[in-house]
Amino acid sequence: MGEDAESPKINHTFLRDYVTEADVISTVEFNQTGDLLATGDKGGRVVIFQRETESKGVTEEAGEVGDSGEYNVYSTFQSHEPDFDYLKSLEIEEKINKIRWLPQQNAAHFLLSTNDKTVKLWKVSERDKRPEGYNLKDEEGRIKDVSTITSLRVPVLRPTDLMVEVRPRRVFANGHTYHINSISVNSDGETYLSADDLRINMWHLDITDRSFNIVDIKPANMEDLTEVITAAEFHPHHCHLFVYSSSKGTLRLCDMRASALCDRHTKLFEEPEDLGSRSFFSEIISSVSDVKFSHSGRYLLTRDYLTAKVWDLNMDKGPVETYQVHEYLRSKLCSLYENDCIFDKFECVWNSSDSVIMTGAYNSFFRMFDRETGRGVTLEAWRENSKPRAVLRTRRVYTGGKRRRGDVGVDSLDFTKKILHMAWHPEENIIAIAATNNLYIFQDRVNPDAQTE
Amino acid sequence: MSATTAMEVNIEARRILAVSISKLYASRTQRGGLRLHRSLLLSLVMKSARDIYHSSRESEAPSGGLSVPEEPMETSSSPVLPEPQPEPLSDRNSSETATEESDSKVDDYDFDIIEEKENLSPARQSRKRRGKASAAPDFLPSKRARLEPGEERYEAPLASCRVGAGESLATLSLNQVIPAF
């Protein structure tokens, strides 16, 4: 997706035009094939989009995408409801923190969704046939008067309108004292982990009344608390490895074969602190808000407040690449602290070939970095400036030097328009960006398959 | 560090402390309960601000700038906290150096957000005249009764500190800062 692409056609899908708190999207996730896209919101709802399949045949050559391939609503359901912890007198928010799809094993799709305390497994299945011709019930389901039945028949399945059914299959409750920030499905297809501020639990997908605690960083005396877990993920291929990030900016790789309780990391990834740039807010901006393994499993991508970093699993002394997302905010940290923006947790994602990384920023901007060239581009997810099939324009924040038309000054940035959540299609150059209550889907028509250039 | 920049840093540190405390206070009423990560970050900022405040005070002390910032503080907040003024002031003057030396060990706070009132010891209470701040006092730093071993605190203080015998500067300033809003 180069910034100088000649004529990429962009496909937009805009949804949820009204701005209510409950409609703010809080997580976005493609499934393993990319045909389904799930979003969760603050109101506890999950909306699943399905990609329309073009009529196959002539257009099945690699690189050819037909005119459709748009994502349309497939199903909507209420995943979590507001809850209350009576013992602690605390409300439990219904906001969906994370959604993760399970690898597909049969015709049905399964996803895990979690709020602050409870993880749920949902089964999404289609029904396009229904039985007709019951003996004891009529077509509307009313019980027939037995005296009217004169003969027996066998009910037959007849095609009907497609119905998508979503049913809760498992509820994994009471596993966490603190707020769940991540879930990650293991490559073994049987287990998954859930992480809160101080503990990581491993669950079996079929067992809801027990979980295994694999990391516990709660100090004996809470007054000695210095760091919390901010994100965790299983390795994409090695079912015994997982990584978790901390509020101190460190990453810990753990091997479950080493011991049952993985409090002692196998590898600690830490960058030496730059003492020259210490400020009141050094700790806050070094807190890692998201960590993602590359598809290859060789690299880690982390996001802290001002940068995105790529780490090589083989080197724990520091990141191999550092990308400045919005360095111009470094001098504004005090105001960002006052308006709470400094606590924003941005996510980061890899493209399918691990050659490009993407993360969000403010003013509806999001950034993409090409790892080969090291160059970054700023793009905008904002309806007013775009029409369906319009070219996505690159934007710039003016930080000095020659001012170009369209440059935005740092002080005119809208900090309420933050791009925190996003997802990249696992195989193609399709991205889903959540901007508050709107979902934007962009497709690269020129290079639909991720190719490095 | 010159006296003026030290003072600027001073003012900035106190402002950040004030903002942090109001955030801590506001987070108590947030939906979903106290967020541990956020509270931890707030307490780290407060600790940074407090450390920087102290180190800038230290650099001011030799130049005799000690009394200068004190007077404005006294007059502005005297209607609110009349009584602690002379007491900590004299305390500070006498034990200033002692406090600074043992800063790292002694100079701490308890930001126990939840059990503030019940756990105030009587001796402590007499020094913590809240005045108008009594309407919203829970986030004021105070000496909390120690928990028995094995007892657990859920939403525990995150900037783990204990106030030393010589009431420190920053405590005083926080007491004065809080009634300001």
Side-chain angles (χ1 to χ4, degrees), chain A residues 21 42 82-85 87-95 97 115-117 177-181 196-199 217-231 246-248 278-289 305 333-335 337-340 342-345, chain B residues 9 11-20 22-24 26-53 55-56 108-115 144 146-162:
Chain A
E21 181 73 9
K42 277 196 174 176
D83 203 350
F84 200 79
D85 179 340
L87 194 61
K88 294 178 189 130
S89 272
L90 290 175
E91 249 194 293
I92 299 171
E93 278 191 288
E94 67 276 26
K95 172 169 83 100
N97 291 335
N115 69 348
D116 282 339
K117 297 286 180 180
T177 309
Y178 302 95
H179 297 114
I180 297 175
N181 51 54
D196 67 27
D197 293 318
L198 297 178
R199 297 189 179 103
I217 64 166
K218 183 176 178 184
N221 189 349
M222 277 297 270
E223 292 180 8
D224 301 331
L225 182 73
T226 53
E227 69 183 323
V228 297
I229 297 168
T230 52
S246 82
S247 55
K248 274 194 175 167
R278 269 204 69 87
S279 74
F280 290 112
F281 309 106
S282 298
E283 281 108 347
I284 299 190
I285 62 170
S286 63
S287 176
V288 173
S289 53
Y305 192 64
L333 292 180
C334 201
S335 343
Y337 179 68
E338 284 175 42
N339 66 13
D340 268 0
I342 207 174
F343 298 103
D344 286 334
K345 297 189 172 134
Chain B
V9 170
I11 291 166
E12 183 71 3
R14 282 170 54 192
R15 195 169 72 79
I16 289 175
L17 273 169
V19 169
S20 308
S22 69
K23 283 188 193 301
L24 255 184
S27 66
R28 296 181 62 215
T29 51
Q30 238 171 28
R31 259 194 100 206
L34 220 55
R35 303 242 152 218
L36 194 64
H37 186 199
R38 185 187 161 92
S39 309
L40 177 67
L41 294 177
L42 284 175
S43 69
L44 290 173
V45 171
M46 285 199 267
K47 200 159 176 292
S48 283
R50 186 195 48 140
D51 292 343
I52 290 171
Y53 178 79
S55 64
S56 69
D108 287 320
Y109 296 117
D110 275 337
F111 289 117
D112 189 352
I113 299 139
I114 306 298
E115 287 111 24
R144 193 174 17 85
R146 300 226 192 264
L147 285 183
E148 299 308 311
E151 211 178 326
E152 214 181 348
R153 224 175 293 127
Y154 173 47
E155 268 108 16
L158 306 138
S160 53
C161 312
R162 252 159 293 288

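The sequence lines fix the lettering, A, B, ..., with proteins before strands; numbering per chain opens at 1.
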Taking all non-hydrogen atoms of both residues, which atom of [X] and which atom of [Y] are closest, and how far apart?
X: A:H179; Y: B:G32; value: NE2-O, 2.9 Å
X: A:E283; Y: B:L41; value: O-CD2, 4.4 Å
X: B:L40; Y: A:S247; value: CD2-OG, 3.8 Å
X: A:E338; Y: B:K23; value: O-NZ, 2.9 Å

Engaged part of [X] at the chain B interface, taking heavy atoms whose separation is under 4.5 Å:
X: A:T230; value: side chain
X: A:D83; value: neither
X: A:F280; value: both
X: A:K345; value: side chain

Does the side chain to side chain contact (heavy atoms under 4.5 Å, CB included) test come out yes or no for A:M222 and B:L36, once each step is laid out? CA-CA 11 Å; A:M222 277 297 270; B:L36 194 64; 4.1 Å; yes

Spatial distance of atom [atom1] ([X]) from atom [atom2] ([Y]) [nearest 0.5 Å]:
X: A:L198; Y: B:H37; atom1: CG; atom2: NE2; answer: 11.0 Å
X: A:T226; Y: B:K47; atom1: OG1; atom2: NZ; answer: 10.0 Å
X: A:E91; Y: B:R31; atom1: CD; atom2: CZ; answer: 4.5 Å

Is there a side-chain contact between B:L34 and A:K88, using heavy atoms and a 4.5 Å cut-off? no

4.5 Å side-chain heavy-atom contact, B:S20 and A:Y337: yes

Which one wins on heavy-atom pair count under 4.5 Å against chain B: A:D196, A:D340, A:D116? A:D340

Using a 4.5 angstrom heavy-atom cutoff, name the option from A:E227, A:K95, A:E94 with the most pairs to chain B. A:E94

List the steps, then state whether side chain to side chain contact (heavy atoms under 4.5 Å, CB included) holds for B:R35 with A:V228. CA-CA 11 Å; B:R35 303 242 152 218; A:V228 297; over 6 Å; no

